[in-house]
2 protein chains.
Amino acid sequence: MRLTTKGRYAVTAMLDLALNAEKGPISLADISKRQEISLSYLEQLFAKLRQQSLVSSVRGPGGGYKLSREPEAISVAQIIDAVNESLDVTNCERQGNCQQGQQCLTHHLWIDLSDRIHAFLSSISLASLVQQDEVQEVSVRQNSARELGLLDVSGVQ
Amino acid sequence: MRLTTKGRYAVTAMLDLALNAEKGPISLADISKRQEISLSYLEQLFAKLRQQSLVSSVRGPGGGYKLSREPEAISVAQIIDAVNESLDVTNCERQGNCQQGQQCLTHHLWIDLSDRIHAFLSSISLASLVQQDEVQEVSVRQNSARELGLLDVSGVQ
DNA sequence: GTAAACCCGACTAGTTTAGTCAAGTAAATA
DNA sequence: TATTTACTTGACTAAACTAGTCGGGTTTAC
């Protein structure tokens, strides 16, 4: 299993989309500024999110991305899966052939942990994240800082 | 967060130690054969396990490693931690300075997931693994296959 | 027709994993 | 005390992956 910035960026970007949904299509440039994620990298991630039908795109000026389903119907697990990060912590991809075609000593333990991680992240939808107080606060901060021009966003990272 | 063969090997090797404890010190060569883990790699892992006082070593002929505590007092989380694999899935190492010194949008989510993974693996001791039926079965298989010479272990992987 | 935005593929520096290899040191037994 | 077994340490490495960059497209609103 890996859970790196790739998966975290994807979830963060999708949450940004959910939070700003009422503004119409959101450009990757906007997400890039608000969330401080490289635009080119976002393009890579959104290519995969689009392939998995989690977002749809609108081309041309004023275009951008929007969620292709209700935020209630998109779980964090689905997003991480879409960008090819696996939540599986077994070595054998759950097949039980970890040692000469048979189960290794700790197979059951890793299956169990994988199931718990998956269950947790499947139980969390974008909609439930949007409702959290912490998320609301950060979102307000991000939007106000930007509108007030307080952040020098130009060349940062 | 990473959970790779490094952490899995460490847990497997420690469980092997717990299962074969009554035989006295267990050599890395034995663990290497039973669990099919490279001897040199085991040496690296056990150096770290010893530094964290999870095992103690006995030198000389007939020597090897043994658990330095009761198996009830060693958790899977401790073992993974000892070999420098982090169970933390945040980007900021829980510090909350993920975005320009303040929390990123998904900070709380990753803290929550990290806590759950840690709680799960902390709740599992070597002793509780030893008692599991699946583990018992695999252990019996490993020992009998070896004593009967059914496994060609020489050049495999 | 031009600019805003998405789309796509090639490339890459750096890090980590999962080891190998070689040269030791410590201690039990003959 | 010689020998052997086993631990100990450190240097090295191929392959894979991450987290990007770069350069060119294409689509569409105005």
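Computed over heavy atoms, backbone and side chain alike; hydrogens, waters and symmetry mates excluded. Every chain is numbered from 1 and lettered A, B, ... according to where its sequence line falls, protein lines coming before strand lines.
Rounded to an integer number of Å, the gap from A/L39 CG to C/dC7 C1' is 12 Å. With rounding to whole Å, B/Q44 atom CD is found 16 Å from C/dA22 atom P. For A/L49 and C/dC8, the CG to P distance is 14 Å, given to the nearest whole Å. Across the protein-nucleic acid pair, A/N91 atom CG and C/dA18 atom P stand 8 Å apart, rounded to whole Å. The separation between B/L42 atom CG and D/dC7 atom C1' is 13 Å, rounded to whole Å. If you measure from atom CD of A/E43 to atom C1' of C/dA10, you get 14 Å, rounded to the nearest angstrom. Between the NZ atom of A/K48 and the P atom of C/dG9 there is a distance of 13 Å, rounded to whole Å. When rounded to the nearest whole Å, the span between CG of A/L28 and P of D/dT21 equals 14 Å.
For A/T5, counting side-chain heavy atoms from C-beta on, the closest listed nucleotide (D/dA19, C/dA3, D/dT4) is D/dA19. Out of C/dT17, C/dA4, C/dC6, the shortest distance to the side chain of A/S27 is found at C/dC6. For A/R50, taking side-chain heavy atoms from C-beta onward, the closest of the listed nucleotides C/dA4, D/dA6, C/dC8 is C/dC8. The side chain of B/S38 sits closest to C/dG19 out of C/dA3, D/dT26, C/dG19. When each of C/dC7, D/dT8, C/dA4 is scored by its nearest atom to the side-chain atoms of A/S57, the top-ranked nucleotide is C/dC7.
Relative ring orientation between B/Y9 and B/Y41 is described as perpendicular, the plane-to-plane angle rising above 60° on a 0-90° scale split at 30° and 60°.
To the nearest 0.5 angstrom, B/L126 atom CG is 8.5 Å from B/L54 atom CG.
Using modelled atom types, one finds no donor on one side chain facing an acceptor on the other under 3.5 Å when comparing B/S86 with B/D88. Counting only N and O atoms by type, the side chains of B/Q136 and B/Q131 include no donor and acceptor under 3.5 Å apart.
Regarding contacts with the backbone of D/dC17, every side-chain N or O of A/T4 stays at 4.0 angstrom or more from both OP1 and OP2. Contact annotation: A/Y41 side-chain N/O to D/dT18 OP1/OP2 distance is not under 4.0 Å. Dashed line: the shortest gap from a side-chain N or O of B/K6 to OP1 or OP2 of C/dA18 is not under 4.0 Å. An OP1 or OP2 oxygen of C/dC21 is reached within less than 4.0 angstrom by no side-chain nitrogen or oxygen of B/S40. Between A/R59 and D/dT26 there is no side-chain polar atom (N or O) within less than 4.0 angstrom of OP1 or OP2.
With salt bridges taken as basic N to acidic carboxylate O contacts below 4.0 Å, one links B/D115 and B/R94.
Where A/V58 and B/G60 each meet DNA chain C at their nearest nucleotide, the meeting point lying more 5' is that of A/V58.
Taking the side chain as every heavy atom from C-beta outward, B/Q102 and A/Q142 never approach each other to under 4.5 Å.
If you check every strand for non-hydrogen atoms under 4.0 Å, A/I37 touches nothing. Among the atoms of the strands shown, none is found under 4.0 Å from any heavy atom of B/F46.
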